[in-house]
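So the structure is just underneath, and the comments pick up after that.
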Amino acid sequence: MNESKNFLRTIVEEDLKSGKYKEIVTRFPPEPNGFPHIGHAKSIFINFGIAKDYNGHCNLRMDDTNPTKEDTKYVEALKDAVEWLGYEWDKSVRFTSDYFPQIHDYAIQLIKMGKAYVDSLSEEEIREYRGTVTEAGKRSKYAQRSVEENLDLFERMKKGEFKEGEHILRAKIDMSAANMKMRDPLMYRIRHVEHFRTGDEWAVYPMYDFAHCLSDYIEGVTHSICTLEFENNRDIYNWVLDTLELTPPRPYQHEFARLGINYTVMSKRKLLELVEGGQVSGWDDPRLPTIAGYRRKGYTPESIITFCDSVGIAKANSMVDVAQLEFCIRDDLNTKVPRVMCVLDPIKVTIENYEGSESIDASYYPEDVPKEGIRALPFSREIYIERDDFNENPPKGYFRLTPEQPVRLKHAYIISCKEVIKDTNGKTVEIIAEYSPASKSGSDTSGIKVKSAIQWVSAAEAKEVEVRLYDRLFSVEAPQGVEDINPDSLKIIKNALIEPAVISERPDERFQFERQGYFYADPVDYTTQKPVFNKIVGLKDSYSKKKKATPVKTQEKKVQIDGEVVAMSEKQQVLFDKYTSELKLNSEVANTLARDENLSSFYEQTLVELNSPVNLANIVTNEVAREIKETSVDTLKFTAKQIAELVKMIDDKTISNKIAKQVFEEMAKSGENPEKIVEAKGLVQISDPAKISPIIDEIIAKNPDNVAKFKAGNKKLLGFFVGQVLKATGGKANPQVVNKLVAEKLK
RNA sequence: UGGGGUAUCGCCAAGCGGUAAGGCACUAGUUUUUGGUACUGGUAUUCGGGGGUUCGAAUCCCUCUACCCCAUCCA
């Protein structure tokens, strides 16, 4: 289903190709402490989707390590959400609590290895000892306890001999780690609380950081996919699995950006606030971004999945426009759902010249929807139309009924307005109209041209229904709290009028109310006696959009202030001066070199080998710098001497800069001598125009379109042709020569 | 302030040294008995800013800026 690539899929594919894993195992691991929302849907889509597409499997695991917050009703909601979205989890639902015994054993093992200890500092002390982001922490004196003492204490913690907070099990890592999470993270805490599954069997519970990686490992998970805020926890994840020296394969953690949608809130806390504050009717309120909410509103699981697919997976924090979600549900429903007529704000129309009544066979679907089905549509002298569809003083561009302009009643006749009846306040209460007998839909011989066809219902047969019009819950893009709530997020229309077939036949539970939007028979409140419809989403409406003056956003270009650059030390300054004046390096290169001791000393070494200061400097500041950044100076595979040899070949024009890059990469990987690499791969530069020329001709012949574009003035394309030639020669053609020749030939 | 991330169109997002994909939104037009749908076109001379390397840079190097995450016995 999914051809779109993202960084996770790339990783998975590489791991499969390299044989790191034979089969992909993912997992969706929510804590059962709240109702799932569309953010969970994204995670479900990613985890189950990847497993499915790569023939692996995905586990559904409840991460129930904190008994104070969790409940079985949430696990039901979570299971429900996964099923509704159309996924199947592997075997039965798993629980971290099922692994408590194993996780406990691993903790014992860590204690025995001297890698974990029971700390007895108070909560406050622990916080103090942890230090701050800029200052190292200090280790608790209890960290010196013997293995035996730790084992004994931990055993007694487990048995429930201590009060909560009295002791805690910590990993012994590094109290001065730059990553705060690594400052002896807590692994087990005492909790005298009933766990919804294990009851009072345990008095200690593992923390997320200890339980999660091990649960993944126990389940044979290969790719542990989570959201960005766990990036800092990855070090612990790896530390636990590595120090335990578990038999491979082991899982690795990968993070993606969580889903944000504008005009709504996604955090558990804010959602809870809305539910408890009574701003919404419950967790399944159709205005909420919860799975239950979307479901009750009438969204299809397919539309949620396509939405998740369409927003992509990346690492940049982002806020997706709701319009994208709305597009997905409209697009899905458009081809699935029958069209019916419903009048939300009725005004009576009496068709003077019509007598009696008739039944019209009307198709449920427009011609462009490949589905069939008709219903009987009663027509009579008295009908209702939408108040909006009549205007006595129409603005320009109004297509509907006016005293001068006739309109078609969808599936029926063309009518025109004869008289407008008003009450004492001047409000229109009825329209007296006339119909054209020859204009019947499907057999129109009247010749009357209308600009629009409107929905209507027959007065006698129409059924009264309740329609709930939902709009976005918040009126601002990034709502902070209840103060941003949209006061018009729900409009209830108690007595809308709908054609009778909808109530008696109900061919489906979702409908398009012609010209208005998609609606869903409310799964809770709907009864045949008192039908209730929820608005899923409105149709696109380019008319009302046009009416509203679109505010033109003037985007000012942001002016960026450059920060101050740290001054050079005296030593660096001396080097810099030497590089610029003696060696004639440009100031930028000299600057980079002078400021980095590793780089400058490497550079000095190359200088001893070859007198080509500028080219050497360029390679060192750009290429060598990267290798040092990625690994470190000590692990470089190549030597300064080899770099000098490489530069010599550039100076000799044996190889081009482009080839040099290729050669350098090989050197960085294998540590082979540059001459050897050049020889082995036959990378000698081709500069002879006679040899290059025919290749260029061929490329030009193959790309007539681009030649035309180039001649039309698209000068960028020169690069395209040069690139093609270089590709054809395996990078060996001299690019300067190619450039010159191509430019000549294309003139 | 230390560490870890991120920055490509109004909103998402591909891209990994050789012509800046795609979707949403917007916009113009064609078809239309839904001001819907479908279809056709238009929308980034430029990738957070500034330098550098290269024949060629969104991609490599340096530097600055902005935003997010980390100092719960939550996950």
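The figures here come from the full heavy-atom set of this structure, side chains too, leaving out hydrogens, waters and symmetry mates. In what follows, chains carry the letters A, B, and so on, assigned in the order in which the sequence lines appear, proteins first and then strands, with residues in each chain numbered from 1. As the structure is a prediction and not an experimental result, all values here were calculated from the model.
Contacts of A:Tyr129 with the nucleic acid, taken as non-hydrogen atoms under 4.0 Å apart, are absent. As judged by a 4.0 angstrom heavy-atom cut-off over every strand, A:Glu123 is placed among the base-contacting residues. At a threshold of 4.0 angstrom between heavy atoms, the contacts of A:His212 with the nucleic acid are absent. Residue contacts for A:Gly517: at a heavy-atom cut-off of 4.0 Å it reaches no nucleic acid atom on any strand shown. Using a 4.0 Å heavy-atom criterion, one finds that A:Asn33 contacts no nucleic acid atom at all. Heavy atoms of A:Leu259 sit nowhere under 4.0 angstrom from any nucleic acid atom.
Contact between the side-chain N/O atoms of A:Asn657 and the OP1/OP2 oxygens of B:U53 is not found at any separation under 4.0 Å. Contact check, A:Arg400 against B:U34: no side-chain N or O comes under 4.0 Å of OP1 or OP2. Neither OP1 nor OP2 of B:G36 sits under 4.0 Å from any side-chain N or O of A:Arg339. Distances shorter than 4.0 Å separate some side-chain N or O of A:Arg515 from OP1 or OP2 on B:G35. The phosphate of B:G56 (OP1 or OP2) has no side-chain N or O of A:Lys715 nearer than 4.0 angstrom. For the OP1/OP2 pair of B:C70 and a distance below 4.0 Å, the side-chain nitrogens and oxygens of A:Arg234 include no atom meeting the criterion. A sub-4.0 Å separation between OP1 or OP2 of B:C62 and a side-chain N or O of A:Lys629 is present. The phosphate of B:G49 (OP1 or OP2) has no side-chain N or O of A:Gln560 nearer than 4.0 angstrom. Taking only side-chain nitrogens and oxygens, A:Arg595 never comes nearer than 4.0 Å to OP1 or OP2 of B:U63. Using a 4.0 Å cut-off, some side-chain N or O of A:Thr65 falls inside it from OP1 or OP2 of B:A75.
Spacing between atom NZ of A:Lys69 and atom P of B:C73 amounts to 13 Å, rounded to whole angstrom units. The distance between atom CD of A:Glu514 and atom P of B:U37, rounded to the nearest whole Å, is 13 Å. Taking atom CE on A:Met175 and atom P on B:C70, their separation rounds to 18 Å, with Å as the unit. Going from atom CE of A:Met568 over to atom P of B:U63 covers 11 Å, rounded to whole Å. With rounding to whole Å, A:Leu228 atom CG is found 12 Å from B:C70 atom C1'. What separates OH of A:Tyr188 from P of B:C74 is a distance of 14 Å, to the nearest Å. Atom C1' of nucleotide B:A66 and atom CD1 of A:Ile561 are separated by 11 Å, given to the nearest angstrom. Distance, A:Asp541 CG to B:G36 C1': 9 Å, rounded to whole Å.
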Let me see the working for A:Phe511 and A:Phe519 under ring pair (Phe, Tyr, Trp, His ring centres under 6.0 Å), right down to the final yes or no.
CA-CA 5 Å; A:Phe511 300 90; A:Phe519 291 81; 9.4 Å; no

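Out of B:G35, B:C74, B:A25, the shortest distance to the side chain of A:Arg191 is found at B:C74. For A:Pro366, counting side-chain heavy atoms from C-beta on, the closest listed nucleotide (B:U65, B:G36, B:G35) is B:G36. Side-chain atoms of A:Asn618 lie closest to B:U53 of the nucleotides B:C55, B:C74, B:U53. Closest approach to the A:Lys410 side chain among B:U33, B:C61, B:A71 is made by B:U33 (side chain taken as heavy atoms from C-beta onward). Of the candidates B:G52, B:C70, B:G36, the closest approach to any side-chain atom of A:Lys181 belongs to B:C70. For A:Arg626, the listed nucleotide lying nearest its side chain is B:C61; candidates were B:C70, B:C61, B:G36. If you check B:G36, B:U33, B:G2 against the side chain of A:Thr134, the one that comes closest is B:G2. Candidate nucleotides B:A75, B:G2, B:U34 were compared by shortest atom distance to the side chain of A:Gln512, and B:U34 ranks first.
When the C1' atom is used for both B:U45 and B:U19, the distance is 12 Å, rounded to whole Å. For the P atoms, the distance linking B:C60 with B:G15 amounts to 13 Å, nearest Å. B:C16 and B:A21 have their P atoms separated by 12 Å, with the value rounded to a whole Å. Of the C1' atoms belonging to B:A44 and B:U53, the separation is 26 Å, rounded to the nearest Å. For the P atom pair drawn from B:G36 and B:C24, the interatomic distance equals 15 Å after rounding to whole Å. One C1' atom belongs to B:C12, the other to B:G51, and the distance between them is 31 Å to the nearest Å. For the C1' atom pair drawn from B:U46 and B:A57, the interatomic distance equals 12 Å after rounding to whole Å. Separating the P atom of B:A7 from that of B:A71 is a span of 24 Å, rounded to the nearest Å.
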What string of B, S and - do you get for nucleotides 11-22 of chain B, 5' to 3', if B is base contact, S is sugar-phosphate-only contact and - is no contact with any protein heavy atom under 4.0 Å?
SSSS--BBBS--

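Nucleotide B:U33 forms a pair with no other nucleotide shown, judged by Watson-Crick or G-U wobble geometry with both contacts under 3.5 Å. Base pairing of B:C26 is made with B:G42, judged by Watson-Crick or G-U wobble geometry with both donor-acceptor distances under 3.5 Å. Remark: B:G2 base-pairs with B:C70. Criterion, Watson-Crick or G-U wobble with two distances under 3.5 Å.
Among the candidates A:Glu386, A:Lys410, A:Arg515, the single residue satisfying the side chain to side chain contact (heavy atoms under 4.5 Å, CB included) test with A:Ile454 is A:Arg515.
Projected onto RNA chain B by closest heavy-atom contact, A:Asn179 and A:Asp209 fall at different nucleotides, the more 5' of which corresponds to A:Asn179. When the nearest nucleotides of RNA chain B are assigned to A:Gly397 and A:Glu588 by heavy-atom distance, the more 5′-ward of the two goes with A:Gly397.
The OG1 atom of A:Thr96 lies 5.0 Å from the CZ atom of A:Arg61; values are rounded to the nearest 0.5 Å.
With its ring centre under 5.5 Å from that of the base six-membered ring and a plane angle below 30°, A:Phe399 counts as stacked on B:G35. Stacking here means ring centres nearer than 5.5 Å and ring planes tilted less than 30 degrees, and by that measure A:Tyr208 does not stack onto B:A75.
Crowding of A:Glu13 atom CD: a count of heavy atoms from other residues, nucleotides or ligands under 6.0 Å exceeding 12.
Judged by the 6.0 Å and 45° rule, A:Lys371 forms no cation-pi pair with A:Tyr364.
A salt bridge links A:Glu623 and A:Arg626; the closest N-O separation between the charged side-chain nitrogens and carboxylate oxygens is under 4.0 Å. One finds no salt bridge joining A:Lys709 and A:Asp705 here, because no Lys/Arg side-chain nitrogen approaches an Asp/Glu carboxylate oxygen to under 4.0 Å. The existence of a salt bridge linking A:Arg170 and A:Asp184 is excluded, since no basic side-chain nitrogen approaches an acidic carboxylate oxygen closer than 4.0 Å.
Side-chain rings of A:Tyr208 and A:Phe230 approach one another, their centers coming within less than 6.0 Å. Aromatic rings from A:Tyr543 and A:Phe399 are positioned such that their centres are separated by 6.0 Å or more. Ring centers of A:Phe327 and A:Phe307: at least 6.0 Å apart, outside the cut-off.
With contacts defined as side-chain heavy-atom distances shorter than 4.5 Å, the pair A:Lys451/A:Arg408 does not qualify.
Nucleotide B:U43 carries an anti base; the chi torsion (O4'-C1'-N9-C4 or O4'-C1'-N1-C2) is more than 90° from 0.
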